[in-house]
Trainee: 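Shown below is the structure under consideration.
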Amino acid sequence: MSGVKDVEFRRVTEDKKRYLPLLLLADEQEDMIDRYLGHGEMYVLDDGGVKCVCVATDEGDGVLEVKNLATAPAFRRRGYARAMLAFLEQHYRGRFSVMQVGTGDSPLTVPFYERCGFARSHVVPGFFVRNYRRPIFEQGVQLVDMVYLRKNL
C-alpha cells in the first residue's frame with residue numbers, strides 16, 4: 001500500500017469527536033462534520049500513533065462516499081492517505097460498487113484523488129460559498145464548487 005507497511009486500521013465507533021482536530025483539517029466547519037459523523041463509518045490509521053483519519057458514508061445505490069480524509073500535517077506526503085483509500089477499497093469491495101469523494105476544486109486535492117484512480121464525475125456549483133460561513137482557501141485558491149470524483153470498486 002504505497003510504501004506504508006505494518007500499519008493498523010481501526011474502526012472508531014465511540015467518541016468520534018476525540019479526533020476532531022484531525023477531522024477539521026479536511027472539513028473546516030464542525031457543524032458540517034456533524035452532518036455525517038454520526039452515521040458515517042470512521043477509521044484511523046495507526047503507525048506508532050494516529051496519522052490519518054477517514055469517515056465514509058453509505059449514499060445508497062452502491063455508492064460509498066469518502067466524506068473526510070485527513071492526515072496529520074507532520075506526516076503528510078508519506079502515503080498514509082493513499083493507504084487509507086486502498087484499505088477502504090479493499091474493505092468495501094463487494095459491498096459497494098463505487099467509491100466517490102466530493103472536494104473543493106483545488107490544485108492540491110483533485111490531482112491527489114486522480115492519482116489514486118478517481119475520475120471527475122460531476123460538480124455542485126457554489127457548494128462551499130453556500131454552506132460555509134467563511135471563505136475557504138487552499139493553496140491560494142478559494143473553494144467555490146464541490147467537485148465529485150468516482151472510482152469503481
Side-chain angles (χ1 to χ4, degrees), residues 1-121 124 127-128 131-132 136-139 141 143 146-153:
M1 271 189 275
S2 307
V4 176
K5 298 179 182 177
D6 301 322
V7 298
E8 179 184 3
F9 297 94
R10 287 194 315 266
R11 183 164 179 211
V12 178
T13 57
E14 297 178 359
D15 193 22
K16 294 177 181 180
K17 285 237 178 160
R18 74 179 175 259
Y19 297 102
L20 189 60
L22 263 178
L23 294 167
L24 286 166
L25 294 173
D27 196 340
E28 296 182 12
Q29 199 166 290
E30 187 174 351
D31 66 327
M32 293 297 281
I33 293 170
D34 290 340
R35 292 182 182 188
Y36 55 79
L37 192 59
H39 69 276
E41 292 188 7
M42 182 176 188
Y43 295 91
V44 295
L45 180 155
D46 190 314
D47 185 16
V50 173
K51 303 294 193 279
C52 184
V53 64
C54 181
V55 180
T57 59
D58 181 345
E59 296 298 306
D61 295 325
V63 177
L64 176 73
E65 183 166 337
V66 176
K67 293 285 193 179
N68 192 307
L69 175 63
T71 302
F75 301 100
R76 289 185 179 155
R77 305 193 77 68
R78 297 186 188 182
Y80 290 120
R82 186 180 291 265
M84 179 65 83
L85 289 174
F87 164 77
L88 292 174
E89 188 174 337
Q90 177 199 8
H91 183 71
Y92 288 108
R93 186 175 283 126
R95 186 167 148 202
F96 293 92
S97 56
V98 171
M99 184 164 42
Q100 78 177 10
V101 61
T103 188
D105 195 1
S106 153
L108 181 63
T109 54
V110 171
F112 165 75
Y113 286 108
E114 290 173 335
R115 285 190 306 274
C116 290
F118 289 79
R120 288 176 183 253
S121 169
V124 178
F127 178 87
F128 289 98
N131 291 286
Y132 287 81
I136 300 172
F137 291 88
E138 195 168 288
Q139 286 195 324
V141 175
L143 303 184
M146 174 82 79
V147 176
Y148 277 90
L149 299 104
R150 296 182 130 202
K151 179 178 189 175
N152 290 329
L153 295 182

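All residue numbers refer to positions in the sequence shown, counting from 1.
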Trainee: Would a 4.5 Å heavy-atom cut-off, applied to side chains only, mark Leu85 and Cys116 as touching?
Mentor: yes

Trainee: A side-chain contact here means heavy atoms from C-beta on lying under 4.5 Å apart; do Asp46 and Lys51 qualify?
Mentor: no

Trainee: Could you grab the distance from atom OH of Tyr80 to atom CZ of Arg76, nearest 0.5 Å is fine?
Mentor: 13.5 Å

Trainee: Tell me whether Arg95 contacts the main-chain N or O of His91 through its side chain, where contact means a donor paired with an acceptor under 3.5 Å.
Mentor: no

Trainee: Kindly indicate whether the side chain of Leu153, heavy atoms from C-beta on, has any atom under 4.5 Å from the side chain of Ser97.
Mentor: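 SC-SC contact between Leu153 and Ser97 ruled out.
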
Trainee: Give me the atom names and distance for the closest heavy-atom approach of Ala26 to Ala70.
Mentor: CB-CB, 3.9 Å

Trainee: Going from CE on Met42 to CG on Asn68, what distance comes out if it is rounded to the nearest 0.5 angstrom?
Mentor: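 Result: 7.5 Å between the selected atoms.
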
Trainee: Report yes if some heavy atom in the side chain of Glu8 is under 4.5 Å from a heavy atom in the side chain of Leu45; otherwise report no.
Mentor: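 Result no, sub-4.5 Å side-chain heavy-atom pair not found.
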
Trainee: Could you tell me whether the side chain of Lys17 reaches within less than 4.5 Å of the side chain of Glu30, counting heavy atoms only?
Mentor: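 Heavy-atom side-chain distance check passes, below 4.5 Å.
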
Trainee: State the NZ-CE distance between Lys151 and Met99, to the nearest 0.5 angstrom.
Mentor: 5.5 Å

Trainee: Apply side-chain contact (heavy atoms from CB on, under 4.5 Å) to the pair Val50 and Arg10, showing each step before the final yes or no.
Mentor: CA-CA 10 Å; Val50 173; Arg10 287 194 315 266; 4.0 Å; yes

Trainee: Other residues, nucleotides and ligands only: do more than 12 of their heavy atoms fall within 6.0 Å of CG on Asp31?
Mentor: yes

Trainee: Write down the atom of Glu138, the atom of Thr109, and the distance for their closest heavy-atom approach.
Mentor: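 Scanning both residues completely, I find the closest heavy atoms to be OE2-CG2, 3.1 Å.
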
Trainee: Take Leu64 and Gln100 through the side-chain contact (heavy atoms from CB on, under 4.5 Å) test and state the conclusion after the steps.
Mentor: CA-CA 6 Å; Leu64 176 73; Gln100 78 177 10; over 6 Å; no

Trainee: Enter the distance from Glu89:CD to Phe96:CZ here, rounded to the nearest 0.5 Å.
Mentor: 13.5 Å

Trainee: Determine, step by step, whether Tyr132 and Asp27 satisfy the side chain to side chain donor-acceptor pair (under 3.5 Å) criterion, reporting the C-alpha distance in whole Å, the side-chain angles of both residues, the deciding distance to 0.1 Å, and the verdict.
Mentor: CA-CA 10 Å; Tyr132 287 81; Asp27 196 340; 2.6 Å; yes

Trainee: Evaluate the side-chain proximity of Val101 to Glu65: yes if any heavy-atom separation is below 4.5 Å, no if none is.
Mentor: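 Of all side-chain heavy-atom pairs linking Val101 with Glu65, none is under 4.5 Å.
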
Trainee: Would you please classify the geometry between the Phe9 ring and the Phe87 ring as parallel, tilted or perpendicular, with 30° and 60° separating the classes?
Mentor: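 The rings of Phe87 and Phe9 lie parallel, inter-plane angle below 30°.
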
Trainee: Closest heavy-atom contact between Ser106 and Pro111?
Mentor: O-CD, 3.5 Å

Trainee: To the closest 0.5 Å, what do you measure between CD (Gln139) and CG (Leu108)?
Mentor: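 Going from the CD atom of Gln139 to the CG atom of Leu108 covers 4.5 Å.
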
Trainee: If only atom types and distance count, is the side chain of Lys16 paired as donor or acceptor with the main-chain N or O of Gly40 below 3.5 Å?
Mentor: yes

Trainee: For the residue pair Val63 and Arg150, establish whether any side-chain heavy-atom pair is separated by less than 4.5 Å.
Mentor: yes

Trainee: Working to the nearest 0.5 angstrom, can you tell me the gap between Glu28 CD and Phe137 CZ?
Mentor: 10.5 Å

Trainee: Is there a side-chain contact (heavy atoms from CB on, under 4.5 Å) between Asp105 and Phe128 once you walk through the steps?
Mentor: CA-CA 10 Å; Asp105 195 1; Phe128 289 98; over 6 Å; no

Trainee: At their closest point, which heavy atom of Arg115 faces which heavy atom of Arg82, and how far apart are they?
Mentor: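 Reported closest heavy-atom pair: O-NH1, 3.4 Å.
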
Trainee: Report the C-alpha distance between Glu59 and Val98 in whole Å, list the side-chain angles of each, state the deciding distance to 0.1 Å, and finish with yes or no for side-chain contact (heavy atoms from CB on, under 4.5 Å).
Mentor: CA-CA 10 Å; Glu59 296 298 306; Val98 171; over 6 Å; no

Trainee: Where is the tightest heavy-atom contact between Met146 and Thr103, given as atom of each residue plus distance?
Mentor: SD-N, 3.1 Å

Trainee: Closest heavy-atom contact between Leu149 and Glu114?
Mentor: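 Looks like CD2-CG, 3.9 Å.
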
Trainee: Report yes if some heavy atom in the side chain of Tyr43 is under 4.5 Å from a heavy atom in the side chain of Val53; otherwise report no.
Mentor: no

